[in-house]
Each structure stands twice: as C-alpha cells, then as structure tokens.
Amino acid sequence: MSTTKEMPKAYEPSAVENKWYPLWEKRGYFHGTPDPDKKPYSIVIPPPNVTGILHLGHVLNNTLQDILIRWRKMQGYEVSWFPGTDHAGIATESKVEKTLREAGEPGRDELGRENFIEKVWDWRKQYGGTIIKQLRKLGTACDWERERFTMDEGLSFAVRKVFVELYEKGYIYRGQRMINWCPVAQTALSDEEVIYKDIAGKFYHYKYPLSDGSGFLEIATTRPETMFGDTAVAVHPEDERYKHLIGRTVDLPLTDRKITIIADEHADPEKGTGCVKITPAHDPNDFEVGKRHNLEVLSIMNNDATLNSKCGPEFDGLDRFEARKKCVRMLEEQGLMLKIEDIQHAVGYSERGDVPIETMVSAQWFCNMKELARPALEAVKNGDIKFHPERWSKTYFHWMENIQDWCISRQIWWGHRIPAWYNDETGEIFVGMEAPDEGGPWRQEEDVLDTWFSSWLWPFSVMGWPEKTEELEYFYPTADLVTGPDIIFFWVARMIMAGCEFMDEIPFKNVYFTSIIRDEIGRKLSKSLGNSPDPLDVIDTYGADALRFSIIYIAPVGMDIRYSNEKCELGRNFANKLWNACRFRQMQGPVTEGFRDLSGVDHSKLTADEKWIISWINEAIAMTNKSLEEFRFHFAAHEIYELVWNNFCDWFIETSKVRLWAGGEEKQQALQVLDFVLFKILRLLHPFMPFITEELAHQMGFLGDNETIMHERYPQPLENMKIPSIMDKDPDLLDMVEAKFQLVRAGRSLKANYGIADGKKVNYFVKAINQANAAFLKQETASLKTLLNAEHVEISLEDFDVETNGAAPSQLSNCGTIYLPLKGLIDLDEEMKKLDKQKKQLLGWIKGSEAKLSNEKFLSKAPEKVVNEAKEHLEGLKHKLQRVEELIADLK
RNA sequence: GGGCGAUUAGCUCAGUUGGCUAGAGCACUUGGUUUACACCCAAGUUGUCACAGGUUCGAGUCCUGUAUCGCCCACCA
C-alpha cells in the first residue's frame with residue numbers, strides 16, 4: 001500500500017464517504033451469519049415508517065445502534081443489525097390519498113379497495129426506500145440482506161398466526177365498546193394514539209326543565225351538542241338536593257324527548273351542579289352508567305363527526321362544532337342558558353389527524369392484555385431486561401399494571417386484513433389462517449389490524465418466525481434495543497409481551513432510551529415550525545462522521561438535546577484535527593512495522609513522554625469500553641476527543657518533534673510509537689466515525705486495499721497485551737511528565753504576559769524543586785526547548801541569580817520555578833501584584849487546610865487516605881508559599 | 001390529581017457509590033502565517049452550583065421542603 005500520496009490539508013468527507021459505503025456493503029461486511037464459534041450480537045432497528053424521511057431523531061437513534069454494532073463486531077461478536085420499514089397503516093394510507101388528490105387522480109373510494117391497495121404498493125415501490133437509502137448516508141452497518149417490511153409475506157403470515165392464536169386463547173375478541181374515533185382518518189384508534197391537549201373551552205350551564213313544570217335542573221357541560229344523545233340525567237343517590245327528583249323526568253330541550261332522572265354514584269355532588277347529563281353513546285363514563293341502568297345507547301354522530309338524523313332535521317349533517325354553536329344559540333333563545341364560563345380542559349386529539357377525537361361506541365376487535373402483561377412485567381422487575389436510564393421502568397410498570405384492552409381493528413385498507421370471516425346466514429364468525437374452505441356465504445372482515453400489531457412481533461418476525469430458522473435460533477433474543485421513550489407503550493412494552501408469549505423468551509436484554517432532540521430554544525423539531533434540519537444537508541456541509549460525533553458528544557444521558565447545525569462544527573473540527581494528526585505523521589515517512597504492537601521498539605528505551613501517552617491511551621481504551629458497556633455514549637465520545645486533541649495532538653505530537661527532527665534511531669522509535677498510538681485511536685474511534693477512520697487506516701498504510709478496519713480488534717487495555725515493560729507503572733514518572741507540561745504552560749504564560757510572540761526564541765531559567773526533578777528536567781531539556789520555543793533552557797537547583805541577571809518575571813509550577821530573564825525589562829509593579837495575589841490565595845488555602853487538619857473529628861473520622869492527602873496538600877501549599885516569598889524578596 | 005425530570009460560567013452542558021482550590025465546548029479578550037491543522041496554536045476573562053432548612057469531619061453530590069420550567073399518566077361532567 002502506497003503512502004506517498006500527499007493528503008489534502010483539510011479533510012473532505014463526501015468523497016471518502018461515497019467511496020467506502022458501497023465497498024463495505026458489496027464486500028458483505030455488514031452481513032452476519034450464524035457461527036457457533038462466535039458469540040452472537042444482534043439488534044433490530046426500530047423500523048421507520050415507510051413514508052418517512054430521515055430526521056435528526058433517526059440520526060441519533062441509528063448512530064447509537066451503529067456504534068454498538070461496530071463496537072461489538074470489532075470485539076469479535078458475530079453481529080447482525082436487522083433493518084426494515086414499517087407499513088404505518090394510517091400514515092401511509094393518508095399520504096397516498098393525498099398524493100392521488102394532488103395528482104388529480106381518482107381517490108380512494110373511487111378506486112375501491114383492491115385498486116387502492118395496489119396504488120399504495122406502487123407508491124411504496126417508488127418512494128418507500130427513501131429512508132433506507134438515507135440511512136446509508138449515515139454509514140449504518142445494517143445487515144441489508146436481511147431487510148424486512150412489516151407487510152412482507154413472512155411477516156404477514158406471522159401476524160395472522162398470532163391473531164389466530166390469541167383468538168383461540170380467548171384474548172382477542174370482537175365487541176361493542178367505547179372507542180376513540182378519528183373523524184379525519186375515520187377509523188378507531190387505540191388509547192395510546194390519543195394525545196391530550198389542554199385547550200381553552202367553554203363550560204355551559206343550562207336548564208333541563210322538569211316535565212311536570214315544577215322547575216328545572218341545572219346541568220353543566222363542555223359539549224352541549226351531545227345532548228341529542230342524552231338518555232338520562234344522573235344525580236348522586238345521597239344528594240339531598242335532588243333525592244326527591246329521582247325517577248321523575250325532564251324535557252330534553254331542542255327535542256321532544258323526556259329523559260329520566262336516575263341515581264348513580266358517578267354524579268359527584270361536589271362538582272358542577274351535581275347533575276350530569278348522561279350520553280352513553282359518546283362518553284366512556286356515561287357508557288358505564290348506561291350499562292348499569294340499562295339506558296339506550298343513542299348514537300348521534302356520523303363517522304365524519306357530523307350529527308346524524310337522530311338530532312332532527314335542523315342538526316342533521318351539521319359539523320359537531322357548528323352544531324355546538326347552534327345549540328348554544330337556540331338554548332339562549334329559549335331562555336334556558338344560565339351562564340357560560342371559560343375553562344381550560346384536556347381534550348383528546350388524534351395523533352394523525354390533529355383534530356379532537358370522538359369517543360363512541362362501536363363494534364371493534366380487542367385484545368385483552370392482562371395475561372400477556374404478567375411475564376413481561378416480571379422480566380423487567382427481575383432485571384432480565386434492563387432499561388437505561390433505569391427510571392423509565394417506573395413508567396413501564398405503571399402502564400403495565402393498569403393495562404387496558406387493546407383496540408386492534410382499524411377501518412382502513414392498508415394493513416393486515418383481519419383473518420376473520422362472517423357467515424351472514426348463520427351469524428358464525430370464523431377465525432383462521434386462511435378463508436374457510438367449506439362453501440357458504442363467508443365474507444372476510446373489512447378491517448385491518450393496528451400497525452403495532454405487526455411491529456410488536458418485529459424482533460422475531462424479522463428472523464423468520466414462525467419458521468424455526470437458523471437465524472432465529474442464533475440471533476434471538478437480540479441484545480440491545482435503542483429507541484425513543486415516546487414509544488415505550490406502543491412498541492417496547494408490547495414487544496416484551498409478544499416475546500414472552502410467542503417465543504417464551506424476552507426479545508432483548510437492554511433497552512436504551514434516547515434523548516429527544518429539540519431546537520436551540522428547546523422546541524420540539526417539527527416540519528410545521530420549520531426548525532427541523534435535513535440531516536442530508538448537514539451531512540453535505542459537515543460530513544456524516546461530523547454529524548454522528550457531534551450529536552453523540554452533545555447528547556446528555558436521558559435528557560433532551562438542544563441541537564443546532566452549528567454544533568456540528570465540533571465534529572467537523574475534530575475530524576479535521578485527526579486528519580491532520582495523521583497527515584503530520586505521514587509526512588515523516590512510511591509506516592513502521594510496529595504499528596500493531598510496538599514490535600520494533602525496545603520497550604526499555606521508551607521515553608517518559610512515550611510512556612505517558614501510552615498510559616493515556618490505555619486509560620482511554622478502558623474508559624471507552626466501560627462507557628459503552630454502560631450505554632454512556634457521550635462519555636466515550638468525550639474520552640476519545642480529549643485523548644486525541646489534548647493529550648495526543650497538543651502534547652505528544654509536539655514533544656515527539658524533538659525526536660523526529662533528531663533523526664536516526666530516535667526518529668524510528670518516535671515513528672513506531674506514533675503509529676502504534678494512531679492505529680489504536682483509529683480503531684477506538686471507528687464505531688463513532690466510521691468513514692474517516694477507515695480512510696485514515698488505509699492512508700496511513702495500516703491496512704491493505706482488501707482489508708477493513710471493521711475486521712480489526714477493538715482496543716483492549718494493554719494489560720492484556722503482554723507489554724509489561726510499558727506497563728510497569730511508574731506513577732512518579734507520569735506525574736513528572738505532567739509537571740513538565742505545567743512548567744511549559746508557566747513559561748508560555750510568562751512570554752504572553754510580556755507580549756513576546758510565541759514564536760520568538762527566548763532563554764529560560766528553571767529552578768527545580770528537588771534533585772529528582774532537576775535530573776528529570778535536565779534529561780528533558782530538548783523537549784522543553786521545543787515546547788517552549790526557547791533558545792536555551794537552563795535547569796538548576798540553585799537560585800536564580802538576581803545580582804547578575806537582574807530581577808526576572810517568574811511562575812511557579814509543581815516541578816520548579818521558571819524565570820524569563822528580560823534584562824531589566826521587567827515590570828516590577830505587575831510582578832509584585834501577581835505575587836501578592838498568589839500569596840494571599842496561598843495563605844487562604846493554607847488557613848483552610850490547617851483548620852481542616854486541626855479538626856479532631858476530621859482526623860478521626862475521615863479515611864486515612866483522605867487525611868494523608870490533605871497533609872501532603874498542605875505541605876505543598878507551604879512549600880509554594882515559601883517560594884513565592886523568596887520571589888517577592890528577590891524583587892525587592 | 002398522580003408520577004418523572006431539570007435548575008452549575010453570557011449560551012449548551014459534564015461533574016457515576018459525598019473528599020473541588022467546581023470543569024468542557026461555544027462565545028468573548030490578547031497575541032500569533034513556528035516546516036499537521038486558522039476547521040489552527042498560545043495565553044487569558046467568566047460561577048452566592050435555583051432557594052430554605054437538615055444529615056455529615058466534609059454537600060454541586062444525600063434527605064426534607066419551596067419556587068420556576070418541561071414531560072408523562074389520569075374518565076372528569
């Protein structure tokens with residue numbers, strides 16, 4: 001592999017990204033096959049809606065999964081990330097309807113069921129792959145050969161099988177019940193699809209006159225138009241105000257009906273007027289009251305939420321909100337309206353249609369979840385499944401412990417048609433995998449299933465269930481699930497239930513809940529607000545790696561992210577920094593043989609700086625692996641960022657220049673260490689920034705044309721690498737290296753304070769604090785000269801000679817005091833001020849420290865280690881004070 | 001009404017079983033084209049850790065309460 005081609009000065013992501021992804025895919029690197037010699041690691045993607053286009057939520061979510069997949073793969077697991085899309089019944093159906101409408105083509109009802117469904121399939125063929133293509137731009141290592149769609153043959157078969165099984169068990173049933181109805185999509189919805197919003201509304205108080213003319217009842221409601229469906233008025237049985245009226249009737253205004261006053265505990269004497277109008281067909285509570293009292297269930301609404309003929313000719317066909325106005329007006333005209341109050345109240349909205357839903361009674365299919373919930377609840381309680389952050393389990397428990405029957409039928413066409421057939425002659429219902437083969441007037445159920453009724457099988461249906469496939473055997477259960485907390489009920493809970501029920505095994509061991517992404521000022525990202533950046537634009541501008549890294553870097557665990565495109569500069573700059581570090585290395589010569597294991601280096605000859613960087617990389621390796629184990633992604637990102645930028649680039653590369661410029665053996669060793677560290681960094685970073693790391697590993701000559709960084713082992717702490725001489729921990733040595741850097745900072749600071757350009761060569765004098773440091777610093781003179789950009793650095797145990805050199809500005813550090821002799825140019829006032837300030841500060845700290853150490857209780861109760869540290873600390877402070885006082889004396 | 005979370009530098013946030021003289025990035029100030037990088041380097045400035053109590057030798061970290069903001073759940077007429 002040639003490494004002589006010069007790298008461009010700045011990293012240019014798009015060419016690199018477009019080159020590698022197709023290669024990776026073509027070479028099958030993303031594909032996992034059952035291998036008994038390896039441990040399996042699998043993830044199923046939360047299938048995006050087939051109508052979807054990539055947004056930042058997907059970016060975060062899929063980057064996290066990709067990090068896990070690539071990391072585990074490099075750790076030696078056989079991995080497979082099962083991708084696919086969800087048919088998203090209501091969303092897709094309305095999307096296609098809209099498309100047809102806009103194209104002026106015949107609409108859904110005109111086309112009829114068969115033709116319309118065909119149109120949806122056409123649409124899916126044409127546009128359904130959009131998000132899948134977009135995911136590739138992000139670099140996701142999905143096992144594309146295993147891509148599935150929730151309406152594929154196999155998955156549809158699984159859905160039918162599950163339906164039949166649950167029906168036979170008696171969990172699934174058909175019944176007349178109160179459901180949520182979306183007037184826009186004109187279908188039933190599950191409870192989870194209803195979003196409650198606090199809305200400003202009116203509270204209407206008006207009269208229901210007693211039929212005998214002896215007075216009236218005052219009732220209060222937010223929805224007067226539902227009065228056409230009233231079949232009773234309820235009062236509390238113990239309510240003294242109304243007790244005597246129970247059993248009598250009122251004249252229902254605007255109608256010619258009389259309704260009975262009934263006694264029911266539902267009526268709360270404390271609330272409103274204590275009288276409640278009962279509308280069994282349109283209110284869940286009233287429905288229950290109606291059942292208790294055998295009241296007529298009087299439906300007054302059409303499917304599009306207009307009133308029906310039961311409401312009389314004046315209201316028939318009128319929209320519910322129009323009807324409300326008209327009702328109010330008529331009540332006022334008839335002198336029945338008492339008062340209208342403004343109130344804030346929660347109104348259920350349909351997720352899709354964004355209009356208030358209607359609760360109404362309807363014949364639908366339901367699934368009783370009680371038994372299914374039991375083992376699923378247990379699985380999280382006993383820790384078989386862990387939530388991260390853990391607190392989400394509370395939400396889960398609460399929902400699962402109060403789980404309601406799931407309304408699973410939808411009055412749309414796009415989806416899995418319910419495998420039930422009605423015999424109109426006999427009234428029989430047949431439920432089975434296929435239509436009943438005996439003759440007869442069997443008619444299949446028109447309804448389809450809730451989309452989530454296929455999604456909840458995803459972890460095993462993608463692997464071929466109910467067939468006992470090799471994949472299922474090997475990759476199930478999956479390891480980790482990465483998803484948003486907003487679908488904990490819709491999806492996560494139900495998958496756990498389905499896994500326990502149909503596989504007899506949990507579907508995943510860990511669930512990581514991602515942050516919710518908001519804009520800079522904390523608003524949710526949405527198309528209508530126009531605050532939702534297109535990730536593809538971001539990738540164009542900054543690069544996929546930059547986007548990935550930035551979003552991980554800024555994502556706090558379990559909290560919302562405040563995102564803005566500018567934040568991607570962080571990732572872009574980081575990528576560029578890494579690029580240039582490699583570029584620098586490459587300019588020094590071809591790759592060395594020791595880039596994997598430092599094999600060309602006599603370990604006993606490693607310099608202090610080299611040991612220092614190796615110890616740091618070791619630390620970073622340990623921390624990164626640990627952080628990923630714990631799903632602390634941003635921690636890992638910070639760890640690597642700091643390693644690369646602060647430790648490697650700012651210090652190590654700079655100090656290694658001494659040895660590189662020296663040439664010969666010294667240079668060879670320096671190159672080996674640089675290669676060794678860089679190759680570790682690239683591998684460490686690969687899961688986060690897959691493109692640039694692959695590119696650089698090749699550019700640097702670490703890998704050949706037919707190799708990939710994905711097949712390299714993820715770095716492990718060096719203890720496992722049998723390089724004992726590197727790891728013979730010499731804590732004093734590492735401390736001395738740190739102290740050296742501190743000394744360098746002090747020296748640079750002196751320069752800056754005196755307005756001397758950083759590049760100007762100067763002379764320094766260093767008084768070391770002791771023999772050991774003096775010896776060390778002497779040995780490091782060349783390094784100091786380079787780092788300080790100095791002509792000369794004199795290391796001594798003697799005092800700086802004020803007599804001959806004149807007073808010089810100085811700075812303390814942990815290994816010595818550094819002086820910048822300026823031949824009389826010193827600003828004495830400034831120096832005195834600086835030293836005075838330091839002295840005051842030191843005195844303050846010493847006082848605090850002494851107080852602490854003279855506290856008997858501290859000495860007796862604090863751990864010995866803490867006490868000793870405090871003592872050492874005080875010694876250090878006193879020593880520093882002494883040195884400051886000497887400097888002050890010198891100035892005088 | 002119940003539950004959960006947040007409150008730390010101008011902004012966005014770290015701070016993992018209590019040991020901090022409270023950190024990072026961005027922004028800001030000053031200087032800099034040193035043979036990797038101006039997507040850069042160097043040197044700086046910036047804080048009653050929301051408030052009030054408590055536990056402790058020691059609290060940003062634990063406990064109680066208060067305030068503000070946000071999210072979720074709940075059938076309220």
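The analysis underlying the following values was restricted to heavy atoms, covering all of them including side chains, and did not include hydrogens, waters or symmetry mates. Since we're looking at a predicted model, the values are computed, not measured. In what follows, chains carry the letters A, B, and so on, assigned in the order in which the sequence lines appear, proteins first and then strands, with residues in each chain numbered from 1.
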| query | For the pair made of NZ in A/K761 and C1' in B/U34, what is the distance, rounded to whole Å? | reply | 7 Å
| Between B/G32 and A/K751, is there an OP1 or OP2 to side-chain N/O distance shorter than 4.0 Å? | no
| field | Proximity to the side chain of A/F635 - top-ranked nucleotide from B/A42, B/G15, B/A77 | value | B/G15
| task | Would you check if the side chain of A/R748 reaches a backbone N or O of A/L787 as a donor-acceptor pair within less than 3.5 Å? | result | yes
| query | Does the side chain of A/S564 get closer than 4.0 angstrom to OP1 or OP2 of B/U12 through an N or O atom? | reply | no
| message | Expressed as a whole number of angstroms, how long is the span from A/K9:NZ to B/A36:P? | response | 10 Å
| message | Students often get this wrong, so: under 4.0 angstrom with heavy atoms, is A/K760 touching a base, only sugar-phosphate, or nothing? | response | nothing
| said: Between A/E192 and A/D758, which residue's closest nucleotide on RNA chain B lies nearer the 5′ terminus? | reply: A/D758
| request: May I ask you to verify if any side-chain N or O of A/W645 is less than 4.0 angstrom from the OP1 or OP2 atom of B/C41? | output: yes
| said: Of the options B/C39, B/G70, B/A14, whose atoms approach the side-chain atoms of A/H634 most closely? | reply: B/A14
| query | What distance, rounded to whole Å, do you find between the two P atoms, one in B/C26 and one in B/G65? | reply | 41 Å
| request: Measure from CD on A/E390 to P on B/U16 and round the result to the nearest Å. | output: 18 Å
| request: Please determine if A/K394 forms a cation-pi arrangement with A/F387, meaning its NZ or CZ atom is less than 6.0 Å from the six-membered ring centre and no more than 45° off the ring axis. | output: no
| request: Specify the separation, in whole Å, of atom CD1 of A/I552 and atom P of B/U12. | output: 21 Å
| request: Looking at every strand, decide which applies to A/K657 at a 4.0 Å heavy-atom threshold: base, sugar-phosphate, or nothing. | output: base
| Euclidean distance, atom CG of residue A/L788 to atom P of B/U34 [Å, nearest integer] | 18 Å
| Looking at A/W392 versus A/F513, is the centre-to-centre ring distance below 6.0 Å? | yes
| query | Hey, does A/R223 reach any base, or is it just sugar-phosphate, or nothing, if we go heavy atoms under 4.0 Å? | reply | nothing
| query | Do A/N285 and B/C75 have a side chain to base donor-acceptor pair shorter than 3.5 Å? | reply | yes
| task | Treat primed atoms plus P, OP1 and OP2 as sugar-phosphate and everything else as base, then score nucleotides 18-29 of chain B 5' to 3': B for base contact with protein heavy atoms under 4.0 Å, S for sugar-phosphate contact only, - for none. | result | -B-B--SS----
| message | Does B/C4 have OP1 or OP2 under 4.0 Å away from a side-chain N or O of A/K394? | response | yes
| query | Ion pair present between A/R572 and A/D545, side-chain N to carboxylate O less than 4.0 angstrom? | reply | no
| Sequence neighbours excluded, which residues qualify as side chain to side chain donor-acceptor pair (under 3.5 Å) partners of A/H634? | none
| task | Please state whether the phosphate of B/C4, meaning OP1 or OP2, lies under 4.0 angstrom from any side-chain nitrogen or oxygen of A/R391. | result | no
| When you measure from the side chain of A/R548 to the backbone N and O of A/F688, does any donor-acceptor pair fall under 3.5 Å? | yes
| query | A/I517 CD1 to B/U12 C1': how many Å, rounded? | reply | 14 Å
| So what does A/A267 hit on the nucleic acid, given a heavy-atom distance under 4.0 Å: a base, only sugar-phosphate, or nothing? | base
| N/O donor-acceptor pair, side chain A/E654 with base B/A36, under 3.5 angstrom | yes
| said: Rounding to an integer number of Å, can you tell me how far A/R572 CZ sits from B/A38 P? | reply: 12 Å
| note | note: A/M7, atom CE; B/A36, atom P; distance rounded to Å ~ 13 Å
| Atom P, compared across B/U7 and B/C13: separation rounded to whole Å | 9 Å
| Relative to the 5' end of RNA chain B, which residue comes earlier, A/G755 or A/D191, by the nucleotide with the nearest heavy atom? | A/G755
| message | Please verify the inter-ring angle class for A/W399 with A/F489; under 30° counts as parallel, over 60° as perpendicular, anything in between as tilted. | response | parallel
| task | Determine yes or no for a side-chain-to-main-chain donor-acceptor pair under 3.5 angstrom, with A/N580 supplying the side chain and A/R583 the backbone. | result | no
| task | Would you mind classifying the nucleic acid contact of A/C275 as base, sugar-phosphate or nothing, using non-hydrogen atoms under 4.0 angstrom? | result | nothing
